[in-house]
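Keep in mind that what you see is a predicted model, and the values were worked out from it rather than measured. FYI, the numbering just counts along the sequence from 1.
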Amino acid sequence: MNARRWVVCALALSAPGCAWNEGSGFATLKETQVSARVQPDQASALAEITTDLGYVVQLESAELYVDGVVLEQASEGGTGAHFDPANPPDGYSLCHSGHCHSEDGRLVDYEEIAEEAASTGETYTSVASIPVYSGLDLLAGGALRVRQVEPSAELPRAEVQRVTLHAGALRLRGSVQSGPGGETLPEALPLSVDLELGVPLRAAVHVDIDRDSPAHVRAVAEVIVARTLLDELDFVRLAEAGTVSLSDVESPLVDPVLETLAESELYFELR
């Protein structure tokens with residue numbers, strides 16, 4: 001797998017005048033637009049895939065479920081001693097069964113990650129959380145517009161340094177049409193993927209929310225998933241009773257899918 005890549009778009013908030021009033025937030029987050037697409041930016045890029053092993057896969061539906069988006073700032077004087085597998089430090093993802101996947105390919109125990117975080121003092125606190133809990137259509141595209149913000153749309157004074165998007169699940173439906181090298185299968189293999197992910201996607205940003213911020217701001221968060229999503233999967237070997245069903249996130253057989261998702265690019269903008 002290639003090293004994890006993050007696309008970062010950071011805009012300093014600046015506008016004439018002052019948006020701050022005594023007893024109110026420094027800016028109001030009016031709306032967050034959340035979307036996902038496949039690279040290249042074409043629905044057909046995922047509707048029919050030829051994998052690196054030569055399988056031809058046709059997808060009828062593809063949804064990435066997003067739990068939420070969190071704007072974060074670095075904590076002052078944090079010890080980093082607390083380790084949350086659902087929100088691991090930068091460089092780690094896919095935490096389960098007592099270990100996380102490192103971006104360099106290692107499986108690292110929770111204890112080692114907690115010790116590393118404690119030594120670096122790397123901790124972040126939430127400035128605002130945008131609950132989504134909905135699927136993003138990777139085939140049709142389009143964006144969800146979310147107006148709910150927790151604890152409040154009235155943003156406090158903060159220096160947002162990181163954005164985390166929590167990918168909750170991947171749902172695919174389709175069929176495997178042919179085998180490696182165009183080999184004809186006795187019949188198309190129905191394909192279903194239902195993986196509960198818990199994968200945090202992150203982007204480093206630098207956005208100041210202060211007295212010079214505009215009164216109202218809007219956020220844009222976009223996930224860009226690689227077209228190689230189903231590479232390395234040997235569908236004939238995965239097939240049982242004439243169908244391919246992937247639902248066990250703990251199985252090493254689905255690691256290629258999880259690792260590709262963990263390397264997805266996250267674009268974020270606050271304007």
Side-chain angles (χ1 to χ4, degrees), residues 6-7 25 27-38 43 46 59-73 84-88 90 92-96 100 124-156 158 160 162-174 192-203 205 207 216-226 229 245-250 254 257-271:
W6 304 119
V7 169
T28 301
L29 181 55
K30 299 294 289 183
E31 179 183 87
T32 301
Q33 178 178 301
V34 187
S35 62
R37 64 178 173 88
V38 178
L46 194 60
L59 291 180
E60 299 167 2
S61 64
E63 287 186 304
L64 179 67
Y65 282 77
V66 174
D67 292 337
V69 179
V70 184
L71 313 186
E72 300 169 297
Q73 66 178 351
D84 180 5
N87 194 27
D90 289 341
Y92 297 99
S93 63
L94 309 177
C95 297
H96 58 84
C100 298
Y124 289 85
T125 58
S126 173
V127 174
S129 178
I130 298 96
V132 180
Y133 298 113
S134 187
L136 304 177
D137 192 332
L138 291 170
L139 297 183
L144 293 174
R145 286 174 168 79
V146 183
R147 291 181 172 82
Q148 184 177 355
V149 185
E150 298 175 353
S152 171
E154 302 297 323
L155 302 180
V160 179
R162 188 173 78 174
V163 174
T164 299
L165 181 145
H166 292 279
L170 178 69
R171 312 271 190 241
L172 307 178
R173 296 291 183 272
S192 64
V193 177
D194 293 282
L195 296 175
E196 301 299 326
L197 302 173
V199 175
L201 305 178
R202 295 193 174 101
V205 300
V207 180
H216 302 99
V217 294
R218 286 175 169 79
V220 174
E222 182 179 44
V223 180
I224 304 173
V225 180
L229 185 64
S245 180
L246 302 177
S247 59
D248 183 4
V249 75
E250 304 287 347
V254 301
V257 178
L258 300 180
E259 289 169 3
T260 299
L261 283 171
E263 293 173 359
S264 297
E265 297 173 353
L266 174 61
Y267 168 91
F268 177 79
E269 180 181 336
L270 193 65
R271 60 194 180 195

- Message: Suppose we screen for side chain to side chain contact (heavy atoms under 4.5 Å, CB included). Which residues come up paired with S245, at least two apart in sequence or across chains?
- Response: S192
- Note on the structure: Separation between CG (L138) and CG (L229), nearest 0.5 Å, reads 8.0 Å
N/O donor-acceptor pairs under 3.5 Å from side chains in residues 129-137, not counting sequence neighbours:
from, atom 1, to, atom 2, distance (Å)
D137, OD1, L139, N, 2.9
D137, OD1, A140, N, 3.0

- If you look at every heavy atom in V220 and R271, which pair is closest and at what distance? CG2-NH2, 3.6 Å
- Short side-chain donor-acceptor distance under 3.5 Å, Y267 and E269: yes
- Rounded to the nearest 0.5 Å, how far does CG of L195 lie from CD of E250? 11.0 Å
- Query: Looking at CG of L246 and CG of D194, how far apart are the two atoms once the value is rounded to the nearest 0.5 Å?
  - Reply: 9.0 Å
- Message: Once rounded to the nearest 0.5 Å, what's the spacing between atom CG of L201 and atom CG of L64?
- Response: 7.5 Å
Residues 146-153 side chain polar contacts: donor-acceptor under 3.5 Å, at least two apart:
from, atom 1, to, atom 2, distance (Å)
R147, NH2, E31, OE2, 2.9
Q148, NE2, E150, OE2, 3.3
S152, OG, E154, N, 3.0

- Query: Among D67, V199, V70, V66, which residue meets the side-chain contact (heavy atoms from CB on, under 4.5 Å) test with L165?
  - Reply: V66
- Message: Working to the nearest 0.5 angstrom, can you tell me the gap between E265 CD and R37 CZ?
- Response: 8.0 Å
- Message: I need the E60 CD to L172 CG distance, nearest 0.5 Å.
- Response: 11.5 Å
- Note on the structure: Looking only at heavy atoms, the pair that brings A167 and L197 closest together is O-CB, 3.4 Å
- Task: List in chain and number order the residues that pass side chain to side chain donor-acceptor pair (under 3.5 Å) with D248, two or more places apart in sequence or in another chain; answer none if no residue qualifies.
- Result: none
- Note on the structure: Closest non-hydrogen atoms of G142 and S35, given as atom of the first, atom of the second and distance, are O-CB, 3.6 Å
- Which residues pass the side chain to side chain donor-acceptor pair (under 3.5 Å) test with E72, sequence neighbours left out? R162, T164
- Closest heavy-atom contact between R171 and Y65? CG-CE1, 3.3 Å
- Taken in chain and number order and not counting sequence neighbours, the residues that satisfy side chain to side chain contact (heavy atoms under 4.5 Å, CB included) with A219 are L29, T32, F268, L270
- R218: salt bridge (charged side-chain N to carboxylate O under 4.0 Å, His left out) partners, not counting sequence neighbours: none
- What are the two closest non-hydrogen atoms of V127 and Q73, and how far apart are they? CG2-CG, 3.8 Å
